[in-house]
Amino acid sequence: MIRFLAHRAGAALASIFAASLLAFVLLRLVPGDPARQVLGQFATPEQLASFRSENGLDGSILEQYWRFIANFVQGDWGTSFASGAPVRELIGQRAPATVELVLVAFVASVGLAVLVALVSTYRHRPWVDRIASAIAFIGMGTPPFWLGLLCLFVFFQQTHLLPGPEGQLSPDLAPFPERTGFVTVDAALAGRPDALGSALAHLILPAFTLGFAMFAFLLRVLRSSLLEIADEPFVSAAESKGLSRWSAFVRHALPNAALPALTASGLVLGQLLTGSVLVEAVFDWPGIGGLVVDGIANKDYTVVQVFIMLSATIYVLVNLLVDVLAATIDPRVAVVPERRAGRRARGLLPSPQPLDPAEPR
Amino acid sequence: MTGAALLTLEALSVAYHETVVLDRVDLALHGGERLGVVGETGSGKTTLALAAIGMLPRGGRVVGGRLRLDGRDLARLSEREWRTIRGREIAFVHQDASTALDPVKTIGAQLVEAIRIHAPRSSRAELRRRAAAALEEVGIPGARSTAYPHECSGGMRQRVAIAMALVHRPRLVIADEPTSALDVTTQAQVLRLLEALVEEVGAALLMISHDLGVVSAFCETTAVLYAGQLLEIGPAGQTLGAPRHPYTAGLLRSVRALAEPELRRLPTIPGGVAQPGHAPPGCPFEPRCTNPSRDAACVAGRPELVARGPARVACRYPLGDGART
């Protein structure tokens, strides 16, 4: 297990290194001189030089890269070209809204995917089956921003059931103290049911828009592995002990089918991180997404750079966690030779037939 | 047959959709008795085992007759009622423990689960203690309960499965080819263990097998199934020593030939088993029968299961005592 962990952590570090190269190169790929781009045509040579030294653009390429990495790790993420504020501060202000949205979308889509996958597969019912695969198919083919607009049209513009694109709260709500930055948590802490209700109502459509594709993808992955496992003898063997079909399915088929879905959910989180940028734009959500969109529009490369680094780090860490979880669920993942373990965990290789040296076959 | 039987099949018929795969089978199994059901692939022997634990696969259902446990008709039970019987009164040992055990749970956890289903109020310590004791019973140290199935040998896995089946001291153990996935030396060990434990808890054993040697060594009674019909049932020594039904005799000839190297050709039964649902209206074996006394009556009507000495045989012209086989 320790060897397995070391191996995985090494791979994670390598991925972050690759992402850092990408983020670093981005700034250097800007046509022309970034200093000139930002300061404009009439900047003096002194201004340009001071801009370069402030933003780590002087010295050799290696030196620049080293400084970039060292600063990033130490939490010095530079200043925004556009606003002059430290990027760390900008991100810190906006992170809670994004985290709240992504977390709700993630938890809801995973939970629903597991539930729908189980209900649609534990018994052979062709029509339930067909509905579930139709949902999965539609969900995977629907672009989130379009789904967001459609939701707004139906639930806001036409029926007024849910709030429109106005961020996290109704604008006419009396303010309440901000403690954690997470609006729902703050509203609950302040003892304001009206604010909490408003925050939750504002979460529904963005979270649905963001999570639907992920839900559909996970549903598909989980359903196909559940259908495969459903006929395994150990599921009916569990039933022959006196378990109901449902319990046998939840306790024995699900853990065996969970591995590919778990790996898939780690991979999908990447889509969620980038998807949130678009969804936030549609719903005017005060999260990091808006910051990134503005950053790209204003050529504010430091912001974009930090966003790339952060998403890459989160993505890699989550997938490291997924690998560890996979090894906890299925002990065979950590036992088999490492080079193949990863591929097996991702569901690309079938589970190994146990070999027993003590027994001639 | 004396005394009330534990398990009785009264003209039990089972069909998958419209296809009848088990056709009016009559059987009685007494407490503590060991019955071996033999037959070729497709004879309905596995269907018989699954029907007896109420776990017919999708599309399968009892279409006629009764299945009684102590006189209670199991074929009419609801799924909920079945769950109180499965694992507690009737236990099942699957063909291959390497696929019948959940690969991602320790053998101890799976035993604990089996115990808890029918003893829901037990404390965790009590459950663990009973699981360890059940393992010891099949000769596995209790400390091994943290092992995963892939860390066990094939014989050990099947012993775990046996421990799991016997943990609630069932009155009937159904074993569907319990050793066909094991190599020959392990096979004998596992069978001896199964026999000893079944005897110890006083359970009856219904063993499904295509291996006549296994059945003759471990069962008191042998039932021969062919195309979903019971052709012959009787004491194992009698049935397999001096078979009365031409089919049983043919089956035995083809097995015995394996022990005689000077034989050039393996004796076979001509023809093939009738397709399920397409058994002839008469004796199902008639198209392949080589018995010289067979006649039009064999084609016309299905022979009844009639007592012939200690056995019961469904044949109009059974082979006589001492007939050459």
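What you are looking at is a predicted structure, and each value in this text was computed from that prediction instead of being measured. Hydrogens, waters and symmetry mates are skipped; everything else that's a heavy atom, side chains included, is used.
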Side chain from CB out, backbone as N, CA, C, O: work out which of these in B:Ala91 comes under 4.5 Å of a heavy atom of chain A, or both, or neither. neither

Proximal component of A:Ser236, with respect to chain B [non-hydrogen, under 4.5 Å]: both

I need the residue from [options] with the largest number of non-hydrogen atom pairs under 4.5 Å to chain A.
options                               : answer
B:Leu101, B:Thr106, B:Thr185, B:Ile53 : B:Leu101
B:Trp82, B:Phe92, B:Tyr148            : B:Tyr148
B:Arg58, B:Met55, B:His168, B:Met164  : B:Arg58
B:Asp102, B:Ile117, B:Asp96           : B:Asp102

Would you say [atom1] of [X] has more than 12 non-hydrogen atoms from neighbouring residues, nucleotides or ligands within 6.0 angstrom?
X        : atom1 : result
B:Glu18  : CD    : no
A:Arg125 : CZ    : yes
A:Arg220 : CZ    : no
A:Glu232 : CD    : yes

How close do B:His94 and A:Ser240 get, heavy atom to heavy atom, and via which atoms? NE2-OG, 3.4 Å

Between B:Ala100 and A:Ala237, what is the shortest heavy-atom contact and its length? O-CB, 3.4 Å

Can you tell me how far apart CD1 (A:Ile329) and NZ (B:Lys105) are? Round to the nearest 0.5 Å. 9.5 Å

Sole residue of B:Gln110, B:His118, B:Glu113 in side-chain hydrogen bond (donor to acceptor under 3.5 Å, both in side chains) with A:Lys241: B:Glu113

